[in-house]
4 protein chains.
Amino acid sequence: MAEISPRKQPRQARARATCEAVKQAAARILVTGGPPALNTNAIAETAGVSVGTLYQYYPSKQAILAELVRDMRAGMLADIERGRAQAKGHDLRTAVRLMVGASLHHHRRDALGAEAMERAEAELPMDAETDALKRRIIALVAELLAGYGIADPELAARDLSAMTRGMAQAAVAAGETDFDALTERIARGAIGYLETGCN
Amino acid sequence: MAEISPRKQPRQARARATCEAVKQAAARILVTGGPPALNTNAIAETAGVSVGTLYQYYPSKQAILAELVRDMRAGMLADIERGRAQAKGHDLRTAVRLMVGASLHHHRRDALGAEAMERAEAELPMDAETDALKRRIIALVAELLAGYGIADPELAARDLSAMTRGMAQAAVAAGETDFDALTERIARGAIGYLETGCN
Amino acid sequence: MAEISPRKQPRQARARATCEAVKQAAARILVTGGPPALNTNAIAETAGVSVGTLYQYYPSKQAILAELVRDMRAGMLADIERGRAQAKGHDLRTAVRLMVGASLHHHRRDALGAEAMERAEAELPMDAETDALKRRIIALVAELLAGYGIADPELAARDLSAMTRGMAQAAVAAGETDFDALTERIARGAIGYLETGCN
Amino acid sequence: MAEISPRKQPRQARARATCEAVKQAAARILVTGGPPALNTNAIAETAGVSVGTLYQYYPSKQAILAELVRDMRAGMLADIERGRAQAKGHDLRTAVRLMVGASLHHHRRDALGAEAMERAEAELPMDAETDALKRRIIALVAELLAGYGIADPELAARDLSAMTRGMAQAAVAAGETDFDALTERIARGAIGYLETGCN
DNA sequence: CATGAATGAGTATTCATTCAT
DNA sequence: CATGAATGAATACTCATTCAT
């Protein structure tokens, strides 16, 4: 059983910098070489530290990945929360557009990184904290949808998240960079999904 | 650079049976243990042959996986072709429902296997033949959509495929088994995407 | 939890030879360098095989050591059984001398090896089979002692075994090589232990 | 070659306390986890100091262990000296009983610690000072035996020490706690060894 | 002096692939 | 053709030791 929670809290500034460097390095490798290229020696070298140092802060390779994914999900949750705040008071169609846009914020920042991270997540043994973040995200969306009278808002939230994720993934893979256009297309699917359901 | 095309064409029946057994074994391991569990020794043992024999027919581990994915895509293409034949003459909404249903045929046969295979595909260096199959699938869908006057049918085909894949993946991960209901939900999204676009 | 039982049965003659070579190599390293020198690379190199080969037959370093110890205990049990057969019909003093002599047979064959092995045993997580062998050895001695009317023969058997082991260890460490003399001295202690108890 | 003598003489009280804490920590770890668990990080943490501080007082891990063993032997020497003082004027049998009892004093204080320490000693490169202590112990016993007209008192002293050590080890391993009974049994063996020799 | 961050050689183990039988 | 023994580079992780702060 691989330990997954971080090993020790970095107390000095240097230590915190090291931690960050390790995560950045792991993320970069993941983007450029995919999961098979992600090995601890490569991470350490890319981060400019020794393997030993890496293991001072993370008890295992999995733990690094887990924290990376956790960070990504936490950022996504924040994006979604901001999105919901913006969406408040608007009609369903506008609200959906805003939420889809919010969901793609991390793609705007770093499309390849975002994709790599979501892929990596699938191969990871489920981390409790990350799982909680994911549930919270779905719950937020479901609440919003419930406010518009959508039936089975939980299921709808899951479907719309999946739709967004799937379309974004394909778009990034195809090299798209116009996220406004992508947002618009996803929103069309989402709105269709929601409104057709009311018929 | 690992060789990826099969090493020799199995002419005799026994040889074909061996090939099949190897692929089946690889597929089963992929489903039950994921990519990390997929190693050549395990494949050989599960298939009931020796590693040596395995290497008679496949030049590398990647080649086995590549053929597995190729088979999956070929099957999917056949499903889609059958779907299109059925869809001919129906209105857009019905056609979409039929196509989505066709796309989920392999999920109906073996949901976990289908998912495992699509995941595996992402980690594989792009195989020319598989890529051609994927393009053909998109092209088929695009042709169909063009017949209904959809603008930018290529892009729409890609978006709908991605939408389908994303929602199916999430549904399987959540343990859903009612593929009719799933088909209906995906179709709602797809139709919304297509019709909203006409506004 | 390290696996300790051997991994696969060697089918071909070559394989059996490899197995034996690995054990011999481990034993030699243990004698010359002690536990800290016993690492799998060294074992493989000394045995003239690759690490990979070593791991075909033993699932872990511990497993090699465990089998070595098991072999030693099995040999010892055989020695003790022969000793008891010889001792039958003799008086207590003679019987004790014969049994002590039998216990030192493996020291006569390879004093340093015998000592190294007994040391190693202490650091090993208890292997069920080895434990059974040790119990059997004690039981055999206890039976013999019971036949002479010794009180609490189990305890006496354990004490005499420990006495023998302790004195032999010190003698080997001091470089003694006259095992007849050593046998005689141990026997004096043993007989004293047994007869004083009758007072 | 690792330095083994302590690095600096602790003059201040705080320093002496640190040294003591380090040794105590090492001893405790050795008892609870055995040699493999004994690493400098664990020692430092258990002692409540930093690794850096540990290395202020001991030049290497081996040095800590060496001092621990030296302390143990010094304590044993003191026990034996007290035993001999008590034994003066008594007959051989009584003297032997007293000496065996004295040898087991450190077992009475901390049976597991005593055993762990003696085990550790075997794995250590011979330290000159410790070796001198061991010789002195044997010499003391030999002198005592010589006073009773025992032939080859050096050899007898070594044999009796080994006998004591062997039996004590087995008894502790078996979970015995009645050291008076154990003393009595060892003494029987010892007396038998010595008196049978006079025949 | 004390701290704890950093180092990197060393260790056990795996697994794709080859090749003698 | 089939077998499975052998290979060895690669990988995750540990731990004694050093040194900047």
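Any value given below was found using the heavy atoms of this structure, including those in side chains, with hydrogens, waters and symmetry copies removed. For clarity, every value in this text was computed on a predicted model and none was experimentally measured. Chain naming here is simple, since letters A, B, ... match the order of the sequence lines and numbering starts at 1 in each.
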Any Y57(A) side-chain N or O less than 4.0 Å from OP1/OP2 of dA6(E): yes

Exercise: identify the closest heavy-atom pair between A66(D) and T130(D): O-OG1, 4.3 Å

Over 12 non-hydrogen atoms of neighbours within 6.0 angstrom of CD in E118(C): yes

Under-4.0 Å side-chain N/O to phosphate OP1/OP2 contact, T53(A) with dA5(E): no

Spacing between R16(B) atom CZ and dC1(F) atom C1', to the nearest angstrom: 17 Å

d(CD1, I64(B); C1', dT17(E)) in whole Å: 12 Å

Strand partner of dC1(F), provided both Watson-Crick or wobble distances fall under 3.5 Å: none

Length of the line joining E45(C):CD and dA6(F):P, which is rounded to integer Å: 17 Å

Whole angstrom value for the distance that separates P of dC15(E) from CD of Q62(B): 15 Å

Value in whole Å for how far the C1' atom of dA5(F) lies from OH of Y58(C): 15 Å

Base paired to dA6(E) (Watson-Crick or G-U; both N/O distances under 3.5 angstrom): dT17(F)

Greater than 12 external heavy atoms within 6.0 Å of E123(C)'s CD: yes

Minimum-distance nucleotide (side-chain atoms of S60(C) versus dT13(E), dT11(E), dT17(F)): dT13(E)

Atom-pair distance (CG on L54(D); C1' on dA2(E)), nearest Å: 12 Å

Along DNA chain F (nearest heavy atom to each residue), the more 5'-positioned of V49(C) and T18(B): T18(B)

Nearest non-hydrogen partners of G113(D) and V31(D), listed with the distance: CA-CG2, 3.5 Å

5' precedence on DNA chain E between T40(C) and S50(A) (nearest-nucleotide basis): S50(A)

Length of the line joining N39(C):CG and dT11(E):P, which is rounded to integer Å: 5 Å

Donor/acceptor link under 3.5 angstrom from Q56(C) side chain onto base of dA6(F): yes

Per Y55(A) side chain, nearest of listed nucleotides dA16(F), dG8(F), dA12(F): dA12(F)

Given dT14(F), dT18(F), dT11(F), the nucleotide with the shortest approach to the side chain of V51(D): dT18(F)

Pairwise 5' ranking along DNA chain F for N41(C) and G52(D), keeping only the more 5' one: N41(C)

More than 12 heavy atoms of other groups within 6.0 Å of R28(C) CZ: no

Interatomic distance where CD1 belongs to I43(B) and C1' belongs to dT17(E) [whole Å]: 13 Å

